[in-house]
Structure formats: C-alpha cells, structure tokens
Protein chains: 2
Amino acid sequence: MLSKSSKYAIKAVLFLALNSNDKKKVMVKDISEPINVPQAYIAKLLQELSRQNIISSSRGFKGGFYLSDNNRKQSIMSIVNVIDGEKNFNSCMLSLNECDEDKPCPLHKSLYPFKSSIIRNLESISIKDLALEVELGNAFLPL
Amino acid sequence: MLSKSSKYAIKAVLFLALNSNDKKKVMVKDISEPINVPQAYIAKLLQELSRQNIISSSRGFKGGFYLSDNNRKQSIMSIVNVIDGEKNFNSCMLSLNECDEDKPCPLHKSLYPFKSSIIRNLESISIKDLALEVELGNAFLPL
DNA sequence: TCTTAAATATGATTTTTATCATATTTTTGT
DNA sequence: ACAAAAATATGATAAAAATCATATTTAAGA
Ligand code: FES
Ligand code: FES
C-alpha cells in the first residue's frame, strides 16, 4: 500500500504540522526520536520533501524544518507522490501495468472502486486536516 | 498492495483454473509463457502453493500442476497469504504495527473502511468466481 | 569575520525481494 | 528394470528498498 518510506514521511510531516511554524523550526534530531524513525533516514526523506516544496527548511544555525501555512494545504497524496513516485497507485491490482478500465483485469470490478476511494481520500485530505484530527483527540500519535 | 509475487501467483492459479483439471495437467513451461512470468520464478511460487495445498500437482512423466474442484473453492486471499504472509494486510496504513481500532492512527477513520472492504472481498472471492468472470467476458487476460 | 550549528549532497552498506541455476526425486511408459 | 520427463529442494545471484556515514554548504550570532 504505502511504502515504509512514505509512512515515515507522513509521520514526520504530521509531527511538523503539530510542532512547528515559520517562527518555530525543528531540527531532524528532534523529529526522528518522537516519530520512531532513524535520524539519518528521515533526514534524507525530509530533504527530498523540502526540495519538492512540500515542507520548508532553513539551514545553518537556528535552522530546521517547519511547515508554512501554504505547506499545510497540501494533500497527503502529495507526500506519497514525492516519496513513492507518481504512478505508484495507478498500477493494476493484478499486473504491473496501469489499471485499464476498458480491459479490466479479473480483480478490477470488485476491488478498484475501493482502491479508487482510498486514492481520492488521500488526494483530498490536507496535512492540516489530519493534524486537526489529532488535536481533537480523534486520532492518535505517536506510532 | 499486492507484491509482484502475489500478482504472479494469482495469474498462474487463474490460468490453471481456466486450463486444467484432474485429467489435464499443465507443466510450468506451458504456464509461464502465457502469463508473462519467468519460468524458474513461477515454478518456485507454484511449488509453494502446492505444498500449502492451494493447488495440486503430480510429478514425473505426464505430471504437472492442476486445480481440483476443492482447490477452486479457495479464496484469492488464501493465495496471497501463502505468498506474502498472513499479516501483510493487517498492518496500519501509517505505522508498521497492526491496525488498532481503539487507538486509530490519523488515516484510519477515512481509509480503513475501504481497505477493509478490499480485504473482505479478497477473502470472499473464490478462484472459481474469478475464472468465471473471465469466461463470461467480463474480465480480461492475459496481463 | 570567525565559529558553530544546522540542512544538503553524495554515496556506501545492509536487508529484502525478485530472479536464475542446478542437482535430486518421483512417476510413467517401454 | 530402465529411460525420459516432470516437480521438488536448495541455494546462488541480481535488483530494489531501506539504512547508515560523512564531507560540504549555509546562516546566525559573537
Ligand atoms: S485493471 Fe487491474 S485493477 Fe484495474
Ligand atoms: S490504525 Fe492505522 S489504519 Fe488503522
């Protein structure tokens, strides 16, 4: 479903959503521990997310990672796309090709509608939305 | 979602459902080509499925793989369980742990119901069911 | 301007998954 | 019994994903 890396990345971004802003930056070593991901590994993922403008960062003394208001509007899928690649979810459940509505594989009819809902959800849920669920106590961290 | 190996295995089993029975066995080299999977690789998967009694086989001259009537009643999930391992699907969308209803992760509420439907479908669809869809022209092979 | 603390770039290593190769065992037909 | 043809067992190699290590660049503060 989601790769280990994507899960890690989402957890890290959520952590930033809850614990950072333009004024308050967080450095990798203070992110890696609470989300239970090796520091060097999450660092690499965060760098990639920053390069793709999913999250923000500034380096040097007093630097760190953080989320701007704009960053928070991004969808969860945008994180996954950066880490796992765009076409990860479009692949057919049974083959290595893309899912083809006109020539569906045997599993398409019964499974694709649900998979499609998952995709649409990931696309429509913003980082801010998810963070709010945690703040409201409807969902739990850390993991 | 499904590993490459599981996809391969399902394709092979479907091929057997459509082209074999107790009287008509098929050997690996005649399975691998039509389903587009390397022979040595699918051989290994089929052996494992046979050992776990998902499919049937007999060796030696005139031997091969085939599906008995009982084999056909198995669910698609049983194939996946053998190849990818039982707990592959139970894992949380956001963590490495099992999905926990009482302490749901932030993605649980919006995604789990759909994932759950996919799981239930895989558990309820039999090999025979899937083969029928192909025979009726509702789904297409090869892939 | 210099030191320090941070991200960044790059690449090496390890682990897992996928793939390939081959010797052994079993069954059937002669 | 024997020869041939099949699955089976075992393990080696290759590719991809995950993890670790380290040198470089950048920014803040003294
Ligand atoms: S064609 Fe296979 S899932 Fe759509
Ligand atoms: S707890 Fe994460 S998907 Fe259920």
Side-chain angles (χ1 to χ4, degrees), chain A residues 1-13 16 20 22-33 35-67 80 82-85 87-88 91 95-96, chain B residues 1-13 16 20 22-33 35-67 80 82-85 87-88 91 95-96:
Chain A
M1 201 69 148
L2 295 179
S3 70
K4 226 169 166 181
S5 292
S6 277
K7 290 179 179 181
Y8 287 173
I10 295 171
K11 289 203 294 179
V13 171
L16 288 175
S20 82
D22 331 29
K23 301 282 170 358
K24 185 180 176 214
K25 293 156 194 171
V26 190
M27 45 192 180
V28 269
K29 66 172 178 153
D30 292 329
I31 300 174
S32 67
E33 201 203 331
I35 66 171
N36 298 306
V37 178
Q39 171 171 339
Y41 194 48
I42 196 62
K44 205 168 203 175
L45 297 177
L46 288 171
Q47 282 161 28
E48 183 64 22
L49 289 170
S50 177
R51 201 175 318 133
Q52 305 288 142
N53 299 308
I54 306 292
I55 68 177
S56 305
S57 67
S58 72
R59 48 179 172 176
F61 194 71
K62 284 272 178 180
F65 293 96
Y66 64 99
L67 293 195
V80 178
V82 165
I83 303 298
D84 284 350
K87 57 186 188 303
N88 191 260
S91 91
S95 77
L96 283 4
Chain B
M1 199 70 146
L2 295 180
S3 70
K4 227 169 165 179
S5 292
S6 277
K7 290 180 179 182
Y8 285 174
I10 295 171
K11 289 203 293 178
V13 171
L16 287 175
S20 82
D22 330 32
K23 302 283 172 358
K24 187 182 174 208
K25 294 153 192 169
V26 191
M27 45 193 180
V28 269
K29 66 172 179 147
D30 292 328
I31 300 174
S32 66
E33 201 204 330
I35 67 172
N36 297 307
V37 178
Q39 172 170 341
Y41 193 49
I42 197 62
K44 204 167 205 174
L45 298 177
L46 287 171
Q47 283 161 28
E48 183 64 23
L49 290 170
S50 176
R51 202 177 315 133
Q52 305 288 140
N53 298 310
I54 307 293
I55 67 177
S56 305
S57 66
S58 71
R59 48 179 172 177
F61 195 70
K62 284 269 177 181
F65 294 96
Y66 63 100
L67 293 196
V80 177
V82 165
I83 303 298
D84 284 350
K87 57 184 187 302
N88 190 260
S91 92
S95 78
L96 280 8

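Residue numbers start from 1 in every chain, and the chains themselves are labelled A, B, ... in the order their sequence lines are given, proteins ahead of strands. Computation of the quantities below employed the complete heavy-atom set of this structure, encompassing side-chain atoms and omitting hydrogens, waters and symmetry-equivalent molecules.
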Using a cut-off of less than 4.0 Å, is there contact between a side-chain N or O of [X] and OP1 or OP2 of [N]?
X     : N      : answer
B:S57 : D:dA6  : no
A:R59 : D:dT24 : no
B:R51 : D:dA7  : no

Send over the distance from [X] [atom1] to [N] [atom2], rounded to a whole Å.
X     : N      : atom1 : atom2 : result
B:K62 : D:dA6  : NZ    : C1'   : 12 Å
A:Q47 : C:dA6  : CD    : P     : 15 Å
B:E48 : D:dA9  : CD    : C1'   : 12 Å
B:I42 : D:dT8  : CD1   : P     : 13 Å
B:Q39 : D:dT8  : CD    : P     : 14 Å
A:L46 : D:dT19 : CG    : P     : 14 Å
A:N36 : D:dT19 : CG    : C1'   : 16 Å
B:M27 : C:dT27 : CE    : C1'   : 14 Å

Quiz: residues 35-44 of chain A side-chain donor-acceptor pairs under 3.5 angstrom, not counting sequence neighbours:
unit_1, atom_1, unit_2, atom_2, d
A:N36, ND2, A:L143, O, 2.9
A:Y41, OH, A:S5, OG, 2.4

Under 4.5 Å between any side-chain heavy atoms of [X] and [Y], yes or no?
X     : Y     : result
A:Y66 : A:V26 : no
A:Y8  : B:L96 : yes
B:K25 : B:S58 : yes

Which residue lies toward the 5' end of DNA chain C, B:P38 or B:G60, if each is placed at its nearest nucleotide?
B:P38
Partners meeting side chain to side chain contact (heavy atoms under 4.5 Å, CB included) with A:D84 (sequence neighbours left out):
A:S3, A:S6, A:V80, A:N88
Nearest-nucleotide pick for [X], side chain only, options being [options]:
X     : options                : answer
A:S50 : D:dA6, D:dT19, C:dT8   : C:dT8
A:K29 : D:dG29, C:dT8, C:dA6   : C:dA6
B:F61 : D:dG29, C:dT28, C:dC20 : C:dT28

Rounded to the nearest 0.5 Å, how far apart are CG of B:L67 and CG of B:D22?
9.5 Å
Please set out all donor-acceptor pairs under 3.5 angstrom arising from side-chain atoms of residues 49-57 of chain A, sequence neighbours excluded.
unit_1, atom_1, unit_2, atom_2, d
A:S50, OG, A:S57, OG, 2.9
A:R51, NH1, A:E48, OE1, 2.4
A:S56, OG, A:N71, OD1, 2.5

Can you name the atoms? Protein N/O to nucleotides 11-17 of chain D N/O, anything below 3.5 Å, with the distance.
unit_1, atom_1, unit_2, atom_2, d
D:dG11, O6, B:K44, NZ, 2.1

